[in-house]
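Only one structure is covered here, and it is reproduced in the block below.
What you see is a predicted model, and the numbers here were worked out from it, not measured in a lab.
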Amino acid sequence: MKKILSLVLAVVILAASAQAAFGAELSVRLADARQEGLRPGEEYRFPLMIRYEDEVPSHLRKEEGEGKRFSLAIQSGEEFILPPRIEMEKGRYYLTVNTKPIYDTKLAQAEILVRLQEEDTGKELGRDTVRFEIGSPAMKALDDLPAGEAVRVSNAAPVLTAGHFKTLSEKNEGEDVTLAGPGWEYTVDVSGLEEQNLYSTAAVVPEVLEKYPEQEFRFLSFPGNPDFQTPGTLVIDVSDLTDSYGEEFYLYRCLGDRLYYLRSQYDPEGETLSFQPSQLGSYVITDRKIGDMELRRLDSR
């Protein structure tokens, strides 16, 4: 998913000594991502801006970059972002940043050094260090949530803190709490828990599709692997699969390069599949049993 961010960040990357030679100031235009943070597994694009004397900054165009080159280096946070790049679209320059799909509970810091150089000589015309925060935001406070009501988890803010869990435990007098996301509900004891990232996705696992091309699959993954210490009940909505699957549902956990069979219960009335994990991970649902030997020999990438 591409995101083009367009609020001005007045960061000048040309040193004063270079301005006379180049005759302009170059800046990177960022957005409120600096306040909200960049999210994992996303692509962000930031326009490169140029300003001549006292004019309003404008998007750097191809013809203005002739005879010059950009060089980029990750100063910190290499484990959270892929190598950045300068791209051109419709004759204009952008800094493109892809965040890695790492779903921790803390915001991470990343810094990218942007340098503008003469193409032939490599002489540096200017530099700037662009700083980001990367991670999944925490959900809003739950003080107004009625006791017994499910907590709706949005991927826009999927982190529950220790404070959230304490509030939920007190509101529900220590009883199990239901956390609900797109197509799933998880009911579990939340007392004494530390923060957890409940980001969920139905994205396919390509290795599984490649290994079993003739078989039908449904996927549900919690890439943050939230750990609740004690077993709860995860209920998955399979109503849209009932006609094609009948009542033949087989559930597996995908862990590394292997699939592990999990016992589950199908509820024909509610059209749901349920089981009791203590840690949420990556799951595969299919309508046919996978052979024991094949089960442990998924090709790793």
Exam field: side chain Lys211 to backbone Pro206, donor-acceptor pair closer than 3.5 Å: no

Which pair of heavy atoms, one from Glu64 and one from Lys68, lies closest together, and at what distance? O-NZ, 3.6 Å

Would you please indicate yes or no on a ring centroid separation below 6.0 angstrom for Tyr93 and His59? no

How far apart are the closest heavy atoms of Pro101 and Pro40, and which atoms are they? CA-CB, 4.3 Å

Donor-acceptor under 3.5 Å (Thr286 side chain, Glu216 main chain): yes

Do Asn98 and Glu42 have side chains that get closer than 4.5 Å, going by heavy atoms? no

Does the side chain of Leu72 come within less than 4.5 Å of Arg115's, by heavy atoms? no

Could you tell me whether the side chain of Ser264 and the main chain of Ser274 form a donor-acceptor pair under 3.5 Å? no

Salt bridge (charged side-chain N to carboxylate O under 4.0 Å, His left out): which pairs involve residues 145-172, sequence neighbours left out? none

Does any non-hydrogen side-chain atom of Pro84 lie less than 4.5 Å from one of Ile74? yes

Does a side-chain N-to-carboxylate-O contact under 4.0 Å join Lys106 and Glu195? yes

Give a yes or no on whether a salt bridge exists between Arg131 and Glu111, defined as a side-chain N under 4.0 angstrom from a carboxylate O. yes

Whether Tyr103 side chain and Asn225 backbone form a donor-acceptor pair below 3.5 Å: no

Listing, residues 185-193 side-chain donor-acceptor contacts under 3.5 Å, not counting sequence neighbours, or none:
from   : atom 1 : to     : atom 2 : distance (Å)
Tyr186 : OH     : Gly232 : N      : 3.4
Tyr186 : OH     : Pro277 : O      : 2.7
Thr187 : OG1    : Thr178 : OG1    : 2.8
Asp189 : OD1    : Ser191 : N      : 3.0
Asp189 : OD1    : Ser191 : OG     : 2.8
Asp189 : OD2    : Ser191 : OG     : 3.3

If you apply the rule side chain to side chain contact (heavy atoms under 4.5 Å, CB included), what do you find for Phe165 with Val177, and how did you get there? CA-CA 9 Å; Phe165 289 125; Val177 171; over 6 Å; no

Pairing of Arg92 and Glu63 as salt bridge, 4.0 angstrom limit: no

Please check: side-chain N/O of Asn155 versus main-chain N/O of Ser200, any donor-acceptor pairing under 3.5 Å? yes

Atom CD of Gln229 and atom CD of Glu194: how far apart are they, to the nearest 0.5 Å? 9.5 Å

Considering all heavy atoms, the nearest Arg69-Gly122 contact: NH2-CA, 3.4 Å

For the residue pair Glu271 / Thr242, report whether a side-chain donor-acceptor contact shorter than 3.5 Å exists. yes

Determine whether a donor-acceptor pair (N or O, by modelled atom type, separation under 3.5 Å) exists between the side chain of Glu248 and the backbone of Arg288. no

Heavy atoms, side chains only, cut-off 4.5 Å: are Asn197 and Leu160 in contact? no

Between the main-chain N or O of Ser221 and the side-chain N or O of Thr201, is there a donor-acceptor pair closer than 3.5 Å? no

So with a 6.0 Å cut-off around CD of Glu79, is the heavy-atom count from everything else above 12? yes

Can you label the angle between the Phe132 ring and the Phe46 ring as parallel, tilted or perpendicular, going by 30° and 60°? parallel

Which heavy atom in Ile134 sits nearest to a heavy atom in Phe80, and how many Å separate them? CD1-CB, 4.0 Å

Test item: side-chain donor near acceptor, His164 and Thr161, under 3.5 Å: yes

Working to the nearest 0.5 Å, report the span between CG of Leu116 and CD1 of Ile86. 9.5 Å

If we only count heavy atoms from C-beta on, is the Ser136 to Val159 side-chain gap below 4.5 Å? yes

Just so I know, are the side chains of Asp287 and Tyr250 near enough to count as touching, which here means a heavy-atom distance under 4.5 Å? no

Does the plane of the ring in Tyr283 sit parallel, tilted or perpendicular to the ring in Phe275? Use 30° and 60° as the thresholds. perpendicular

Is the charged tip of Arg45 near the ring of Tyr94: under 6.0 Å from the six-membered ring centre and within 45° of its axis? yes

Is a donor on one side and an acceptor on the other found under 3.5 Å between the side chain of Arg253 and the backbone of Leu262? no

Close side-chain approach of Leu220 and Trp184, heavy atoms under 4.5 Å: yes

Mark yes or no for whether Asp227, through its side chain, and Gln279, through its backbone, hold a donor-acceptor pair below 3.5 Å. no

Going by atom types only, do Ser71 and Gln117 share a side-chain donor-acceptor pair under 3.5 Å? yes

